[in-house]
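Just the heavy atoms: all of them, side chains too, but no hydrogens, waters or symmetry mates, feed the values below. Order of the sequence lines fixes the chain letters, A, B, ..., with proteins taken first and strands second; residue numbering starts at 1 for each chain. Note that the structure is predicted; figures quoted are calculated from it, not measured.
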Amino acid sequence: METLISNKLLQFVADLGPSKLQVPQSLHAAAQAYLLGQDFPTTKAERFKYTRLAKLANAQLSAAHQLDAAQLEQHCILTDAYTIYVNNDQITIPQNLPVGLEINLNTQVSGTFHEASFYDIFGALNILHAQNGVSIALAKNCTLDKPIQIVQANSGGKYFYRHHFNFGANSEATVYFVSKQQEQTTSFSHTHFQYEIAQDARIKIFKLQDTAQNHFDFNEDRAQQAAKSHFEINTLTLDGSFVRNDTMVAVQGEHAQTYLNGAYWLKEEQHVANYTTIDHQVANCESFETYKGVAGDKATAVFNGKVFVRKDAQKTNAYQSNANVLLSENASVNSKPELEIYADDVKCSHGSTTGQLDENALFYLRARGLSAASAKTLLLQAFMEDVLTYVKHEEVLAYVQQRIAERFNWSY
Amino acid sequence: MIKIENLHASINGKEILKGLDLEVKAGEVHAIMGPNGAGKSTLASVLAGREDYEITAGSVTFLGKDLLELATEDRAREGLFLAFQYPVEIPGVSNVNFLRTALNEKRAYHGQDPISAKDFMALVREKSALVELDAKLASRAVNEGFSGGEKKRNEIFQMAMLEPKLAVLDETDSGLDIDALRIVSQGVNALKSPENACVVITHYQRLLDYIVPDVVHVLYDGKIVKSGPKELALELEERGYDWIKDSL
């Protein structure tokens with residue numbers, strides 16, 4: 001790592017070995033070139049304007065320790081799923097998979113489509129230092145009878161993971177990615193997800209982020225969609241002191257539909273940042289993006305959503321919105337919706353709102369006998385309701401509601 | 001039931017109520033009429049506990065308690081109900097869900113057990129029929145996408161569900177066509193009993209053809225300046241308010 005000159009970055013990578021996955025030479029060189037002369041980004045860097053990395057640079061991560069099977073199972077949310085456990089160096093892959101579904105350890109860093117789009121040093125570090133990950137392939141015309149569940153249990157240490165999904169033509173699947181934290185551990189994880197969605201495939205991804213106060217949770221999602229595919233990615237941040245999601249979808253086939261939804265419930269000193277990019281490269285596609293959140297205490301939320309509509313992407317219909325409710329004077333939301341349109345026959349809209357609960361509605365409910373607390377809860381639940389309507393799985397919905405009830409004292 | 005004495009209230013430093021006196025006994029219906037800006041809606045808001053208003057003098061005793069000392073929700077739980085002039089639309093909050101919470105918090109306040117789901121739904125059916133409110137509307141989000149008439153019927157439906165001791169109807173007739181007016185009035189009349197009372201705030205005599213008051217008050221410049229039998233409303237309708245202003 002002689003190309004790195006910064007002390008902070010050097011310190012951060014000092015205890016990391018080279019990637020255990022095979023890295024194509026060109027990609028390795030590109031990542032190294034990108035890192036050349038870089039330091040930990042400061043708040044002067046656009047994509048880290050609201051994220052202070054000093055905390056990470058100074059963090060004392062606890063030593064990685066392997067969890068046993070019973071401990072891992074406790075982090076499970078779905079009882080009936082093809083469940084994969086990811087815990088530091090160890091990955092457990094389920095047996096008896098149905099025909100058409102293959103799950104293997106990921107052996108190769110693939111970078112076919114996103115080489116030019118590193119957004120930050122962590123993406124580059126992932127290429128150079130990925131420790132492990134899974135590779136999931138679903139054959140064409142295959143509809144999974146039950147969802148895939150990936151449980152990532154963080155239990156100390158510093159880990160770069162890399163998961164690769166290949167969904168064949170006309171396949172259908174739902175994937176739940178559960179990110180949890182083992183008690184009394186401090187850790188860092190950067191997880192790269194790559195989704196290749198072939199023609200007519202119908203894929204739903206749910207990310208259930210429920211890490212604790214002492215985990216640094218970085219996520220980088222890269223998807224490419226072929227014609228007539230339906231891709232949905234829902235990111236629900238239930239807890240976690242430091243969470244960054246960087247999601248990018250490249251829409252490369254006509255008549256594709258993309259749904260990007262996010263929800264976050266923040267309090268204390270949580271910091272949750274969502275960066276999204278939808279890149280409409282071809283004509284006749286639709287995308288719908290809704291991110292919603294509440295922020296209390298001293299929490300900070302960041303939303304930066306970009307929609308590109310390229311020159312050839314005529315008849316694109318792109319809708320984006322971000323709405324936030326602030327629960328305290330010290331909470332803050334930095335919201336930046338961006339549209340870049342190079343085609344002339346498109347329908348695009350975006351909007352961002354950040355405000356407090358409607359005083360008139362609060363008064364109305366109290367005038368009917370609801371306590372101020374119940375009235376507030378009811379209004380907040382109503383505010384977040386539409387993001388939760390995407391969660392159809394009963395166990396998952398129950399889990400989400402239970403966690404919110406626990407953390408915020410909301411009754412469901 | 002309620003006794004208001006020398007009530008002074010102001011908003012943003014501007015005095016609106018300037019020494020208002022009013023007493024309403026159980027079983028009575030009182031109408032409060034008056035020109036625009038007299039303080040009619042301010043009176044309703046102050047009674048319900050809207051915090052924008054500052055009470056600078058006077059007292060309000062409701063069922064033996066100092067009403068002004070109670071939080072908005074406790075006033076409601078004690079049996080005060082305000083039918084809003086402009087009912088608020090609350091997207092995402094279901095009408096019946098919030099009413100069940102309201103009803104159960106009121107019951108808890110009085111040391112009673114929560115109502116069972118079955119009894120509650122029976123109550124919803126019974127009371128929504130009273131104001132001819134479609135059961136589907138009853139379970140939709142509070143006032144969202146309701147017509148003006150539906151919003152007002154929903155107010156009376158909520159009133160029927162909560163069975164208040166004292167109902168204050170703030171210009172419930174505004175924006176109502178004649179059929180809606182009849183339905184709303186029927187609902188109010190059906191809820192009338194010797195144990196409860198009603199204060200009807202209105203601009204027009206029209207509503208009082210349906211809800212017949214025992215006493216009519218004229219509110220002018222923050223005070224009750226004249227009180228009389230129901231015929232006073234007819235006289236106001238015919239002669240306007242100028243003769244009252246002139247006689248002051």
Sequence neighbours left out, what passes side-chain contact (heavy atoms from CB on, under 4.5 Å) with B:A160? Give chain and number order. B:K127, B:L130, B:L191

Under 4.5 Å from a heavy atom of chain A, the part of B:P164 involved: neither

Any donor-acceptor N/O pair, A:R368 side chain to B:F81 backbone, under 3.5 Å: no

Kindly give the heavy-atom pair with the smallest separation between A:S374 and B:T101, and that separation in Å. CB-CG2, 4.4 Å

Using a 3.5 Å cut-off and no angle test, enumerate the donor-acceptor pairs between side-chain atoms of residues 132-148 of chain B and protein atoms at least two apart in sequence or in another chain.
residue	atom	partner	partner atom	Å
B:D134	OD1	B:K136	N	2.9
B:S139	OG	B:A135	O	3.4
B:S139	OG	B:K136	O	3.2
B:R140	NH2	B:E144	O	3.2
B:N143	OD1	B:N154	ND2	2.9
B:N143	ND2	A:Y364	OH	3.4
B:N143	ND2	B:V88	O	2.9
B:S147	OG	B:E150	N	3.2

Measuring heavy-atom distances to chain B, does A:A375 have an atom under 4.5 Å in its side chain, in its backbone, in both, or in neither? neither

Does a sphere of radius 6.0 Å around NZ in A:K298 hold more than 12 heavy atoms from other residues, nucleotides or ligands, not counting ones at 6.0 Å or beyond? no

If you count heavy atoms of other groups shown closer than 6.0 angstrom to NZ of B:K40, is the number above 12? yes

Based on non-hydrogen pairs under 4.5 Å, which of B:Q158, B:E51, B:R75 is most in contact with chain A? B:Q158

Sub-4.5 Å heavy-atom contacts with chain B: which residues of residues 354-363 of chain A show up? A:D358, A:N360, A:A361, A:F363

With rounding to the nearest 0.5 angstrom, report the CZ to CG distance, B:R77 to A:L370. 7.5 Å

Looking at B:D66, I want to see if its CG is surrounded by more than 12 non-hydrogen atoms of other residues, nucleotides or ligands under 6.0 Å. yes

Who passes ring pair (Phe, Tyr, Trp, His ring centres under 6.0 Å) against B:Y86, sequence neighbours left out? none

Does CG in B:D119 sit with more than 12 non-hydrogen atoms of other residues, nucleotides or ligands closer than 6.0 Å? yes

So which heavy atom on A:G369 is nearest to which on B:A76, and how close? N-CB, 3.5 Å

